[in-house]
Number of protein chains: 2
Amino acid sequence: MSAPAKPLSNKPLSKQRLRLWLRMLSAHRGIEMHLREQLRLSHDSTLPRFDVMSALDRYRDGLRMSDLSARLKVSNGNVTGIVERLASEGLVERVAVDGDRRAMCVRLTPAGIDRFADMARNHETWVNDRLSAFTEDELITLITLLDRIGEIHE
Amino acid sequence: MSAPAKPLSNKPLSKQRLRLWLRMLSAHRGIEMHLREQLRLSHDSTLPRFDVMSALDRYRDGLRMSDLSARLKVSNGNVTGIVERLASEGLVERVAVDGDRRAMCVRLTPAGIDRFADMARNHETWVNDRLSAFTEDELITLITLLDRIGEIHE
DNA sequence: GAAATTTATTTCAAGCATAAAATATCAAGT
DNA sequence: ACTTGATATTTTATGCTTGAAATAAATTTC
């Protein structure tokens, strides 16, 4: 691939894995900070709300609270709070589930669908900009390697 | 390098960069969740506290609050709160700065140094475990590529 | 059919995180 | 020497996040 080869380090592998983790933290942090600020300035919104709307956009029929929680890998209580705030803005609505009075289904409202489309367009531009340093080959390399992190532990 | 080549996608680059960002999110999320739980169970501590102690461990003479904030890429107010809790546990201490009565220097106490050494040993093992799927070549590839994310925006 | 167990969601307490305001202090300008 | 502007940290309001408890409802067991 196109990443320039470096002399192999004499550090133990565990130290190099630690270093990778620090790089991942820093890379993630930088992009996250950028996206948060852009969402706040351009859409008066937040990353967690964007994430919830993104999940719901992919499931227009709606998702149960626990499904949302599972997909976003956040606690049920957190999802309750974020959904509450989105509902108060009229961007999502809670719908009762047939046959299970415990459960609640959440879906985007028409206003939410419009708002999300707008945010998603900008979001893709911002991410594209932050990751513009990579060629297609490098993107494939990174995606393939990062996929492996989840494989043996999930 | 060793990452298997895949057929080039016909998706536009912006979509592939979005996909990379989602992989980065997922990879980071999984490791973060694991480390948080392990720190809580083994040391009754948290990732932000660990991060603060880690920064202070590298500067045994201490860091000013704003330096800590800059290194960790978090707000000054957040650092104030985390340091307050570490200080209440006797793990760090605040020291006045000569010549500047506004500033405050924070450093690890002897107890904090001991505690951090213990945590850091475990932390390295946990990270090593989570990233064990990568060979040395792959680690170098990932680190080199991820370094590029910060380069053009910082 | 009733009791026990499990499940879905909300509530709660605590920690973390931001952005902005407040406060005290330092440095620069006049 | 005084005024103005900049800086360091804390405080504040708000949002997010966890893990656990509380509550209501469904399922399983007997």
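Below, chain A is the first sequence line, B the second, and so on; all start at residue 1. As the structure is a prediction and not an experimental result, all values here were calculated from the model.
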dT18(C) C1' sits how many Å from Leu41(A) CG, rounded?
13 Å
Are His28(B) and Trp21(B) an aromatic pair, judged by ring center distance below 6.0 Å?
no
Sorted by number, the residues of residues 94-109 of chain A with heavy-atom contact under 4.0 Å to DNA chain C:
Arg94(A), Arg102(A), Ala103(A), Met104(A)
Indicate yes or no: does Glu89(B) engage Arg49(B) in a salt bridge with an N to O separation below 4.0 Å.
yes
Check the phosphate of dT11(D) against Thr80(B), side-chain N and O only, distance under 4.0 Å to OP1 or OP2. Yes or no?
no
Please assess Glu84(A) against Arg94(A) for the test salt bridge (charged side-chain N to carboxylate O under 4.0 Å, His left out), listing each intermediate value before the final yes or no.
CA-CA 9 Å; Glu84(A) 180 63 32; Arg94(A) 287 179 164 102; 3.1 Å; yes
How many Å lie between CD on Glu32(A) and C1' on dC16(C), as a whole number?
12 Å
For the residue pair Ile82(B) and Pro48(B), what are the closest heavy atoms and their distance?
CD1-CB, 3.7 Å
Specify the separation, in whole Å, of atom NE2 of His28(A) and atom P of dA17(C).
12 Å
So does Ser66(B) get a side-chain nitrogen or oxygen closer than 4.0 Å to the phosphate oxygens (OP1/OP2) of dT9(D)?
yes
With a 6.0 Å cut-off (strictly less than), is the heavy-atom count around CZ of Arg36(B), excluding the residue itself, greater than 12?
yes
Protein-nucleotides 14-20 of chain D N/O pairs closer than 3.5 Å?
from	atom 1	to	atom 2	distance (Å)
dC16(D)	OP1	Thr46(A)	OG1	2.5
dC16(D)	OP1	Arg49(A)	NE	3.2
dC16(D)	OP2	Arg85(A)	NE	2.2
dC16(D)	OP2	Arg85(A)	NH2	2.7
dT17(D)	OP2	Asn78(A)	ND2	3.1
dT17(D)	O5'	Asn78(A)	ND2	2.8
dT18(D)	OP1	Arg29(B)	NH2	2.5
dT18(D)	OP2	Ser75(A)	N	2.6
dT18(D)	OP2	Ser75(A)	OG	3.1

When the distance from CG of Leu63(B) to P of dA8(D) is rounded to whole Å, what number comes out?
14 Å
Could you give the CZ-to-C1' distance, from Arg64(B) to dC26(C), as a whole number of Å?
11 Å
Sequence neighbours excluded - salt bridge (Lys or Arg N to Asp or Glu O under 4.0 Å) pairs with any residue from residues 105-121 of chain A
Glu93(A)-Arg107(A), Asp118(A)-Arg121(A)
Does a side-chain N-to-carboxylate-O contact under 4.0 Å join Glu124(A) and Arg17(B)?
no
Are the side chain of Ser42(B) and the backbone N or O of Gln38(B) linked by a donor-acceptor pair below 3.5 Å?
yes
